[in-house]
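The structure under discussion appears below in the form of structure tokens.
Numbers here simply count residues along the sequence, with the first being 1. Computed from a predicted structure; not experimentally measured.
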Amino acid sequence: MKRTTLRVGGVSLNAVAESVETLESGWVRLVGETVQVSVQDAYERFFRHGWHSWSLAHWADLGSDPFQILVPDLQRQADDPRLGGVEGHVGSWVGVIESSEGPSLLLGALGLDAHVEADESSLSGRSTQLIDWVVGVGDSQSLLSEYAKSLADVFGRREVSPAPRIWCSWNSHGWDIDEARMQALASTVAREPFDVFLVDDGWQQDIGDWSANDSFPSGMADLAAHISSEGLTPGLWLSPFAVRDSMAQRVSDLLVRDDDGEPHVMGHNWQSQYHGLDLAKPEAVEFAAASVARAVSWGYRVLKLDFLFAGAVNPAHPSPEAAYRSAVEQIREAAGEDVWLIACGAPIVPSIGVFDSIRVGPDVAPYWQNPLDRYVQDYSAPGMRIAISTSLSRLWLRSAIDSDPDMSYFSSVQNLLTEDQRRMQRNLAQIFGVKSSSARVGDLTDEELSELRAFFESSPPVEQVDRYRFAVNGHEVDFSPVTMDGVARLS
Ligand code: 9PG
């Protein structure tokens with residue numbers, strides 16, 4: 001371990017690492033499993049970055065307790081389960097500390113598994129591997145964008161082509177989907193400015209059995225052909241690493257197990273508990289890659305791969321992220337370069353360079369906040385406010401990968417959001433340039449329909465005024481009243 005004192009951007013830093021090197025750019029590169037940078041002054045805020053798509057990203061007050069889920073069992077699918085017991089301020093891969101005066105300090109990992117703990121005058125990084133880290137001093141937003149560029153240098157960046165405009169069945173139809181309904185909807189959707197018709201959760205036999213269920217009697221290839229004949233690109237949802245309890249027997253050898261030999265529980269959904277594939281096992285990777293290849297062979301050209309974190313959790317493994325990374329690389333190979341792969345519920349850094357886009361917040365919902373939130377404090381649960389806030393906190397990530405703030409709403413039917421709240425999310429999607437909707441286009445009023453058309457047909461100029469304020473097409477949009485910054489509990 002080396003202890004070095006440096007001056008970076010006018011700030012005096014102490015760095016502890018195996019090696020320390022100042023780069024031409026003014027940044028500092030550290031190498032180590034555990035590293036630390038500390039400063040003289042006390043900082044006020046910490047940028048906390050959640051582990052996967054739905055995990056909280058926000059600016060926390062260093063003087064307050066960090067956000068904590070009140071139902072520990074929910075930590076399993078909300079964030080990195082390994083951080084569940086950590087009491088201090090901690091985030092995954094990157095942390096920034098900031099004060100009202102002077103420049104901010106960033107410590108970011110360029111490795112697959114890492115977390116960063118913060119106190120008022122230091123950032124401490126820890127990985128299970130000897131990895132590179134970068135340290136920068138400056139304005140928080142520029143630091144994070146530069147960090148994202150370094151991630152893209154290390155992990156790759158998919159060739160930049162405009163993200164397709166996606167119609168997706170989930171938010172309007174949920175599990176209530178069948179072949180006839182999907183076919184009819186495809187004809188309606190085809191008349192509107194969408195590129196992709198994506199069949200979300202509900203078509204499969206089971207989570208882990210990726211064949212068509214009885215509601216799709218002609219099979220998924222037939223539906224893909226129908227969608228294509230309407231002039232839309234077929235898209236399909238699957239969660240290739242998750243396995244519902246009912247399927248555990250059938251793929252018993254492929255699952256992550258606890259010390260007692262029971263399949264490890266990754267979380268609860270689909271009225272059940274679910275498990276995850278042990279991606280350190282080649283047969284498990286082959287199983288997942290085969291499901292993806294099958295969907296591609298049916299004719300689907302956009303795949304939304306969901307609950308991906310279930311392939312990156314393994315209590316017996318120091319770095320399940322490494323196995324995850326090599327599995328998603330094999331999935332990319334199985335899918336081919338031309339298929340647009342969307343990562344959802346996905347550990348962020350190990351997904352960069354493989355996926356074309358990634359969800360950067362929890363699900364939007366037709367309500368602002370769930371009244372149960374205050375009892376549960378699950379910041380990964382669906383809800384419009386938290387979806388907007390976490391997504392916006394990851395805007396910088398698009399320097400590495402197209403970032404998806406989830407779907408936009410256009411109707412007031414079955415929707416408790418105000419028009420302002422819906423518009424705020426749509427503006428966010430314009431800022432990200434990654435747009436999708438589940439709108440029942442056939443049921444929209446003329447006014448709502450023209451709103452939808454204008455939204456998908458335009459890419460208005462966006463200017464960032466400050467962290468929370470933007471000019472979208474010349475109109476100011478201010479997200480500051482809704483962010484989760486400084487919020488330690490949902491009320
Ligand atoms: C389909 C949906 C949609 C959606 C995804 C994902 O239990 N949970 O915490 C939980 C979180 C997210 C979630 C479902 C359950 O939604 O983000 O777009 O595809 O799956 O099931």
_Under 3.5 Å side-chain donor-acceptor pair for Asp139 and Ser142_ = yes
_Please evaluate residues Asp338 and Arg301 with respect to the criterion salt bridge (Lys or Arg N to Asp or Glu O under 4.0 Å), reporting the C-alpha separation (whole Å), side-chain torsions for both, the decisive distance (0.1 Å), and the verdict._
CA-CA 7 Å; Asp338 299 341; Arg301 290 286 170 271; over 6 Å; no
*Output the distance between atom CZ (Arg385) and atom CZ (Phe479), rounded to the nearest 0.5 Å.*
13.5 Å
*Say you draw a straight line from CD of Gln141 to CG of Asp466; how long is it, rounded to the nearest 0.5 Å?*
9.5 Å
*Under 3.5 Å: donor-acceptor pair, side chain of Ser389, backbone of Thr483*: no
Side-chain donor-acceptor pairs of residues 102-121 under 3.5 Å, sequence neighbours excluded:
| unit_1 | atom_1 | unit_2 | atom_2 | d |
| --- | --- | --- | --- | --- |
| Ser104 | OG | Ser140 | OG | 2.7 |
| Asp113 | OD1 | Thr128 | N | 3.0 |
| Asp113 | OD1 | Thr128 | OG1 | 3.4 |
| Asp113 | OD2 | Thr128 | OG1 | 2.8 |
| Asp113 | OD2 | Ser319 | OG | 2.8 |
| Asp119 | OD1 | Ser121 | N | 3.0 |
| Asp119 | OD1 | Ser122 | N | 2.9 |
| Asp119 | OD1 | Ser122 | OG | 2.9 |
| Asp119 | OD2 | Ser122 | OG | 3.4 |

_Closest non-hydrogen atom pair, Pro405 against Ser403_ = CD-O, 3.6 Å
*Nearest 0.5 Å please: distance from the OG atom of Ser239 over to the CG atom of Asp306.*
6.5 Å
*Could you tell me whether the side chain of His264 and the main chain of Asp258 form a donor-acceptor pair under 3.5 Å?*
no
*Would you please indicate if the ring centroids of Trp396 and His49 are separated by under 6.0 Å?*
yes
_I need the minimum non-hydrogen distance between Met484 and Leu490, along with the two atoms involved._
CE-CD2, 3.2 Å
*How about Arg126: does its CZ atom have over 12 heavy atoms from other parts shown lying under 6.0 Å from it?*
no
*Arg244 side chain to Met247 main-chain N or O, any donor-acceptor pair under 3.5 Å?*
no
*Check whether the ring centres of Trp27 and Tyr147 lie less than 6.0 Å apart, and answer yes or no.*
no
*Working for side-chain contact (heavy atoms from CB on, under 4.5 Å), residues Val292 and Leu305*: CA-CA 9 Å; Val292 168; Leu305 304 184; 4.2 Å; yes
_Looking only at side-chain N and O atoms, does Gln421 offer a donor or acceptor that is under 3.5 Å from a partner on Tyr409?_
no
*Hey, are the side chains of Leu303 and Ile331 touching, using non-hydrogen atoms and a 4.5 Å cut-off?*
no
*Name of the residue among Asp402, Ile401, Leu341 meeting side chain to side chain contact (heavy atoms under 4.5 Å, CB included) with Asp356*: Leu341
*Smallest separation among heavy atoms of Ser55 and Gly50, with atom names*: CB-CA, 3.5 Å
*Quick one: closest heavy-atom pair of Pro362 and Ile386, and the distance?*
CG-CG2, 3.8 Å
*Nearest atoms (heavy-atom pairs only) where Ser393 meets Phe47*: O-CZ, 3.3 Å
*For the side chain of Asn314 and the backbone of Val256, is there at least one donor-acceptor N/O pair under 3.5 Å apart?*
no
*Given Glu329 and Arg332, is the salt bridge (Lys or Arg N to Asp or Glu O under 4.0 Å) satisfied, shown in steps?*
CA-CA 5 Å; Glu329 283 173 353; Arg332 165 55 75 185; over 6 Å; no
*Picking from Phe355, Tyr324, Phe155, what satisfies side chain to side chain contact (heavy atoms under 4.5 Å, CB included) with Pro350?*
Tyr324
_Residue Glu463 excluded, over 12 heavy atoms near CD under 6.0 Å_ = no
*Start with the C-alpha distance between Trp270 and Asp201, add both sets of side-chain angles, then the distance that settles side-chain hydrogen bond (donor to acceptor under 3.5 Å, both in side chains), and finish with yes or no.*
CA-CA 10 Å; Trp270 305 288; Asp201 194 352; 2.8 Å; yes
*asked:* Restricting to side-chain hydrogen bond (donor to acceptor under 3.5 Å, both in side chains), what partner residues turn up for Arg257, sequence neighbours left out?
replied: Ser252
_I'd like to know whether Ser53 forms a side-chain contact (heavy atoms from CB on, under 4.5 Å) with Phe309, so could you lay out the CA-CA distance, the side-chain angles of the two residues, the decisive distance to 0.1 Å, and finally the verdict._
CA-CA 9 Å; Ser53 305; Phe309 72 90; over 6 Å; no
*pair Leu395-Gln464: side-chain heavy atoms closer than 4.5 Å*: yes
*Would Asp61 and Arg45 count as a salt bridge (Lys or Arg N to Asp or Glu O under 4.0 Å) if you check the C-alpha gap in whole Å, the side-chain angles of each, and the deciding distance to 0.1 Å?*
CA-CA 5 Å; Asp61 285 337; Arg45 291 179 292 278; 5.6 Å; no
*Gap between atom CD of Gln377 and atom CZ of Arg489 - 0.5 Å precision*: 4.5 Å
*salt bridge (Lys or Arg N to Asp or Glu O under 4.0 Å) with Asp406: which of Lys435, Arg359, Lys304?*
Arg359
*Ser124-Gln36 side chain donor-acceptor pair, cut-off 3.5 Å*: yes
*Identify the two heavy atoms, one from Val265 and one from Gln273, that lie closest to each other, and give their separation to 0.1 Å.*
CG2-OE1, 3.6 Å
_side-chain contact (heavy atoms from CB on, under 4.5 Å), that's the test. Do Ile166 and Asp195 meet it? Break it down for me._
CA-CA 6 Å; Ile166 298 178; Asp195 304 306; over 6 Å; no
*Would you check if the distance from the ring center of Tyr379 to the ring center of Phe67 is below 6.0 Å?*
yes
*Pair Arg82-Glu321, salt bridge (Lys or Arg N to Asp or Glu O under 4.0 Å): steps then yes or no*: CA-CA 12 Å; Arg82 293 163 296 193; Glu321 283 95 338; 2.5 Å; yes
*Trp59 side chain to Arg48 main-chain N or O, any donor-acceptor pair under 3.5 Å?*
no
_Contact between Asp404 and Ile358 at the side-chain level, heavy atoms closer than 4.5 Å - yes or no?_
no
*Do Leu23 and Val28 come close enough that some side-chain heavy atom pair is under 4.5 Å?*
no
*Passes side-chain contact (heavy atoms from CB on, under 4.5 Å), Cys168 versus Trp237? Steps please.*
CA-CA 9 Å; Cys168 167; Trp237 173 97; over 6 Å; no
*asked:* For the aromatic rings, using the six-membered ring if either is Trp, is the centroid distance between Phe307 and Trp54 under 6.0 Å?
replied: yes
*What distance do Gln204 atom CD and Leu236 atom CG have between them, rounded to the nearest 0.5 Å?*
8.5 Å
*Looking only at atom types and distance, does a side-chain atom of Gln330 sit under 3.5 Å from a main-chain N or O of Ala289, one as donor and one as acceptor?*
no
*Could you grab the distance from atom OG of Ser38 to atom CG of Asn14, nearest 0.5 Å is fine?*
4.5 Å
*Verify the distance criterion only: is there a donor paired with an acceptor across the side chains of Ser100 and Glu44 at less than 3.5 Å?*
yes
